[in-house]
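Reading through the structure tokens given below for one structure.
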Amino acid sequence: VRRRTIVLAVALTALVLTGGFAAVEAVAGWWSGSLALLSDAGHMVTDSASLGLALFAHAYASRPPTARASYGHGRAEVLAAFVNAIAMLAIVVAIVVEAARRLVAPEPVAGGTVLGVATVGLAVNLFVAWRLSGATGSVNARAALLHVMGDLLGSVAAIVAGAVILATGWTPIDPILSVVVALLILRSTWRLLRQTTDVLMER
């Protein structure tokens, strides 16, 4: 019971922080024209949804067995983690498609805004990742941590993109780094998807 309470408290804190900063990044990404910031904002919105789903699944999984669900509801957490992995795959595809479009037709990017906002985003993601890393023993907490680690990588990419654009004015670095982050996220997400599928298929 104590472990579940800790996980719920951590997930709620992460939900508030990621949801709030996602709005900040979305506005900043739109204003600056940065795909890296917009991608990270979209990822954080997905994080917020996944954390909300994690809270629901965690509470649902703690319900006692019934005549209809004689084994209990523990697998609800695995199902939520599976849905989170599918959502991440969709985000990866969207990032790659938009990056390809911007490489063909580059758009202006405000490097200073990107650098400043991404630095704050990195601090937020580091704090949330630190909090989630302490919520051990839950596959759903691991799924939420995976999302946040992807956000962390997105913040680092945006920082590099902002610095390069400020120093050289070379805007293609923005979509290029977005693709690199998308591929890193894809690798980790595929592992989670395979693990949750194995559990659901009772392998």
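This chain uses plain numbering: 1 for the first residue, then up along the sequence.
- Criterion: ILVMFWY side-chain heavy atoms under 4.5 Å apart, direct or through other members. Under it, L186 and I95 are not part of a common hydrophobic cluster.
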_The test is side chain to side chain contact (heavy atoms under 4.5 Å, CB included); show your working for T18 and V124 and say whether it passes._
CA-CA 8 Å; T18 55; V124 171; 5.5 Å; no
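- Taking all atoms of both residues into account, the shortest heavy-atom contact from V120 to F21 is CG1-CE1, 3.5 Å.
- Within the model, atoms CD1 of I176 and CG of L103 stand 5.5 Å from one another, a figure rounded to the nearest 0.5 Å.
- Between V179 and A99, the shortest heavy-atom contact is CG2-CB, 3.4 Å.
- Counting only residues at least two apart or on different chains, the side chain to side chain donor-acceptor pair (under 3.5 Å) pairs with a member in residues 21-37 are S34-D174.
- In terms of hydrophobic clustering, with Ile, Leu, Val, Met, Phe, Trp and Tyr side chains grouped at heavy-atom distances under 4.5 Å, L79 and L89 are assigned to a common cluster.
- Residue L115 is not grouped with residue L38 when hydrophobic side chains (ILVMFWY) are merged at heavy-atom distances under 4.5 angstrom, including chains of intermediate members.
- Taking CG from L35 and CD1 from I173, the interatomic distance works out to 12.0 Å, rounded to the nearest 0.5 Å.
- Closest non-hydrogen pair, I159 versus A118, comes out as CG1-CB, 3.6 Å.
- Residues S155 and N125 share a closest heavy-atom pair of OG-ND2, 3.0 Å.
- In terms of heavy-atom proximity, A26 sits nearest to A41 at N-CB, 3.5 Å.
- Legend: side chain to side chain donor-acceptor pair (under 3.5 Å) pairs involving residues 85-106, not counting sequence neighbours, sorted by first then second residue: E98-R101, E98-R102, R101-E107.
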*asked:* side chain to side chain contact (heavy atoms under 4.5 Å, CB included), that's the test. Do L37 and V117 meet it? Break it down for me.
replied: CA-CA 8 Å; L37 277 185; V117 174; 4.2 Å; yes
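- Note on W190 and V92: same hydrophobic cluster, where clusters join Ile, Leu, Val, Met, Phe, Trp and Tyr whose side-chain heavy atoms are under 4.5 Å apart, directly or indirectly.
- G33 and V109 make their closest contact through O-CG2, 3.4 Å (heavy atoms, listed as atom of the first residue, atom of the second, distance).
- V96 and V93 are assigned to two separate hydrophobic clusters, defined by single-linkage of ILVMFWY side chains at heavy-atom distances under 4.5 Å.
- The CD1 atom of I86 sits 5.0 Å away from atom CG of L193, with the distance rounded to the nearest 0.5 Å.
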